[in-house]
Amino acid sequence: MPELPEVEVIARGLSQTLAGRTVISVKVPGLTRLSDAAEVIVPGVQGQTICRVYRRAKVLLIELENESTLVFHLKMTGRVVHGERRDINKHDRIVFVLDDGSWLIFSDMRKFGYVKLFTKQLLENWDFLQKIGPEPLESSPAELVERIAGRKTSIKGLLLNQSVVAGVGNIYADESLFRAGIHPETKGHRIGHERALKLFAELQDVLKLAIRENGSSISDYVNAHGDAGAFQNSFNVYGKKGQQCSRCNGLLQAVKVAGRTSTFCPHCQPRR
DNA sequence: CCAAGCACCTGACGGC
DNA sequence: TGCCGTCAGGTGCTTG
């Protein structure tokens with residue numbers, strides 16, 4: 001499930017190989033429900049040269065020569081992979097055929113993700129992006145602490161809330177809470193300043209480490225070249241309910257917080 | 001302002 | 001063998 005680090009790794013990988021490539025044709029085996037129609041995307045990208053590939057929150061953006069932008073949200077199982085021409089498979093949603101013969105493929109088994117095409121103006125006014133909070137790797141921990149000050153929601157819910165901080169999903173929320181020693185159900189306003197600073201410093205740390213490790217591959221994630229990430233091997237808590245805590249050897253527990261499974265160590269992350 | 005619950009999807013997995 | 005229920009989780013929406 002791609003969160004900030006996974007989308008960042010994809011964007012960096014694509015940036016190396018896509019800049020300057022031109023879209024020759026488009027194949028549309030079947031789009032997802034929330035995607036723009038093929039009638040919008042195909043004529044808008046044909047003949048266009050790719051200028052820039054970047055990420056904002058969990059969204060992947062590919063800017064074209066005419067200042068329009070292809071936007072991908074991968075949600076749970078989406079992939080964007082660039083490589084040699086290959087057979088179309090059942091989960092492929094759209095294929096961009098490039099001028100060197102290579103293919104850029106968006107596939108998504110569960111069809112939660114989407115691809116949309118925006119003009120410059122429409123992208124600037126897209127309410128989804130306008131609601132997104134600051135990038136955690138481009139903000140200081142002190143700035144991020146202000147975003148949770150006085151909030152009565154659980155810290156887990158705040159971390160997952162994209163308008164509070166961008167790009168954090170279930171994996172990196174649980175991992176940073178473990179590192180900071182904070183119980184996921186702790187209310188935002190009950191976290192002391194020092195501990196909150198620690199939380200966001202740990203969040204930054206874990207995001208950077210994950211990017212360095214090529215992201216986390218749980219089930220579907222692969223980078224722009226189809227390779228799995230390795231950070232899942234460094235998880236302390238995510239998906240480890242019932243296993244031993246790496247710090248105290250106690251058993252990890254799972255609870256639902258903000259509608260999501262949250263795995264934590266009751267000893268290292270005590271309820272206050 | 002906040003929580004809870006559902007919807008959207010498919011595949012993996014466990015129980016019987 | 002296969003059927004059935006549950007779970008995975010990002011986001012939008014509704015309801016309270």
Side-chain angles (χ1 to χ4, degrees), chain A residues 1-8 10-11 29-36 55-61 71-80 88-94 106-116 118 126-133 135-136 146-177 184-191 203 207 210 215-222 228-229 231-232 235 237-243 252-264:
Chain A
M1 33 224 76
E3 302 180 25
L4 184 155
E6 290 73 34
V7 182
E8 180 66 23
I10 292 169
L31 286 165
T32 61
R33 191 178 57 95
L34 296 174
S35 295
D36 282 345
R55 176 197 61 77
R56 170 79 172 109
K58 298 171 188 170
V59 173
L60 176 71
L61 302 102
V71 168
F72 299 84
H73 200 309
L74 306 181
K75 295 283 182 82
M76 321 285 290
T77 55
R79 297 177 167 190
V80 175
I88 301 269
N89 73 41
K90 67 189 282 197
H91 302 311
D92 292 340
R93 305 298 162 203
I94 190 164
F106 169 54
S107 61
D108 186 7
M109 186 255 287
R110 283 171 70 181
K111 299 185 189 168
F112 277 19
Y114 54 77
V115 53
K116 295 170 184 280
F118 287 90
W126 188 22
D127 57 349
F128 179 86
L129 281 190
Q130 288 191 336
K131 285 186 298 193
I132 299 278
E135 285 292 326
E146 284 177 31
R147 316 263 322 154
I148 64 164
R151 300 289 296 261
K152 295 178 181 171
T153 314
S154 67
I155 186 60
K156 177 67 181 275
L158 290 167
L159 287 173
L160 294 177
N161 184 336
Q162 298 299 294
S163 68
V164 172
V165 55
V168 181
N170 212 26
I171 295 172
Y172 299 102
D174 277 8
E175 291 297 321
S176 52
L177 287 169
E185 290 176 314
T186 309
K187 309 294 184 196
H189 72 293
R190 300 290 300 276
I191 299 174
L203 174 64
L207 293 173
S216 302
S217 291
I218 306 301
S219 55
D220 294 271
Y221 166 72
V222 291
F231 192 67
Q232 68 279 5
F235 288 169
V237 287
Y238 179 82
K240 299 190 132 182
K241 173 188 172 185
Q243 298 183 38
L252 301 178
Q253 291 183 5
V255 287
K256 285 265 184 205
V257 186
R260 295 287 163 260
T261 300
S262 302
T263 311
F264 68 104

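It should be emphasised that the depicted structure is a prediction, and the values quoted were computed from it without experimental measurement.
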Is there a side chain to side chain contact (heavy atoms under 4.5 Å, CB included) between A:L252 and A:K241? Walk through the geometry before answering. CA-CA 5 Å; A:L252 301 178; A:K241 173 188 172 185; 5.6 Å; no
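- A:D127 places its CG atom 13 Å from the P atom of C:dT11, with the value rounded to the nearest Å.
- The shortest distance between side-chain heavy atoms of A:F72 and A:F106 falls below 4.5 Å.
- Among the candidates A:V71, A:I132, A:L74, the single residue satisfying the side-chain contact (heavy atoms from CB on, under 4.5 Å) test with A:V59 is A:V71.
- Residue A:E185 contributes atom CD, which lies 14 Å from atom C1' of B:dA4 at whole-angstrom precision.
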What verdict does the side chain to side chain contact (heavy atoms under 4.5 Å, CB included) test give for A:D36 and A:V115, after you've listed the backbone C-alpha separation in whole Å, the side-chain angles of each residue and the deciding distance to 0.1 Å? CA-CA 6 Å; A:D36 282 345; A:V115 53; over 6 Å; no
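- When the side-chain nitrogen and oxygen atoms of A:H91 are compared with OP1 and OP2 of B:dG11, one or more of them lie within a distance under 4.0 Å.
- Candidate nucleotides C:dA8, C:dT11, B:dC2 were compared by shortest atom distance to the side chain of A:R151, and B:dC2 ranks first.
- Salt bridge status for A:K58 with A:E3: absent, with no side-chain N to carboxylate O gap under 4.0 Å.
- Mapping A:N170 and A:F128 onto DNA chain C by nearest heavy atom places A:N170 at the nucleotide closer to the 5' end.
- With rounding to whole Å, A:L129 atom CG is found 15 Å from C:dG10 atom C1'.
- Applying the 3.5 Å distance criterion, the base of C:dT11 shares a donor-acceptor pair with the side chain of A:R260.
- If you check every strand for non-hydrogen atoms under 4.0 Å, A:Y114 touches nothing.
- Taking atom P on both C:dT11 and B:dG11, the two are 22 Å apart, rounded to the nearest angstrom.
- Protein atom CD1 of A:I155 is 12 Å distant from nucleotide atom P of B:dC2, rounded to whole Å.
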List the steps, then state whether side chain to side chain contact (heavy atoms under 4.5 Å, CB included) holds for A:Q162 with A:F128. CA-CA 10 Å; A:Q162 298 299 294; A:F128 179 86; 6.0 Å; no
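- One can place NZ of A:K240 at 17 Å from P of C:dA8, the figure rounded to the nearest angstrom.
- Contact annotation for A:T261: backbone-only contact, meaning every heavy-atom pair under 4.0 Å involves sugar-phosphate atoms and none involves a base.
- The side chain of A:K90 has B:dG11 as its nearest neighbour among B:dG11, C:dG9, C:dG10.
- Taking a cutoff of 4.0 Å between a charged side-chain nitrogen and a carboxylate oxygen, A:R260 and A:D174 do not qualify as a salt bridge.
- Comparing B:dG5 with C:dT6, their P atoms sit 15 Å apart, to the nearest whole Å.
- Stem analysis of DNA chain C (at least three stacked-register Watson-Crick or G-U pairs, each with both distances under 3.5 Å) gives B:2-8 with C:10-16, B:10-16 with C:2-8.
- In this structure, A:S262 reaches neither bases nor backbone, as no heavy-atom distance under 4.0 Å exists between it and the strands shown.
- Checking C:dA8, C:dG10, C:dT11 against every side-chain atom of A:Q162, the shortest atom distance belongs to C:dT11.
- One finds a side-chain N or O of A:R33 lying less than 4.0 angstrom from the OP1 or OP2 phosphate oxygen of B:dC9.
- At C:dG9, one or more side-chain N or O atoms of A:Y238 fall inside 4.0 Å of OP1 or OP2 (strictly under the cut-off).
- Between A:Y172 and A:F235, the two ring planes are perpendicular [angle over 60°; tilted spans 30° to 60°].
- Across the protein-nucleic acid pair, A:F112 atom CZ and B:dC6 atom P stand 15 Å apart, rounded to whole Å.
- The distance from atom NZ of A:K75 to atom P of C:dG9 is 15 Å, rounded to the nearest whole Å.
- At the heavy-atom level, A:K187 lies nowhere under 4.0 Å from the strands shown.
- Separating the P atom of C:dG9 from that of B:dC13 is a span of 15 Å, rounded to the nearest Å.
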CA sep, side-chain torsions, deciding dist, call: A:K156, A:T186, side chain to side chain contact (heavy atoms under 4.5 Å, CB included): CA-CA 8 Å; A:K156 177 67 181 275; A:T186 309; over 6 Å; no
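- Among the nucleotides C:dT11, B:dC2, B:dG11, the one closest to any side-chain atom of A:T153 is B:dC2.
- Proximity of A:H73 to the phosphate of C:dT11: a side-chain N or O atom is located under 4.0 Å from OP1 or OP2.
- Distance A:K58 NZ to C:dG9 P: 11 Å, rounded to the nearest Å.
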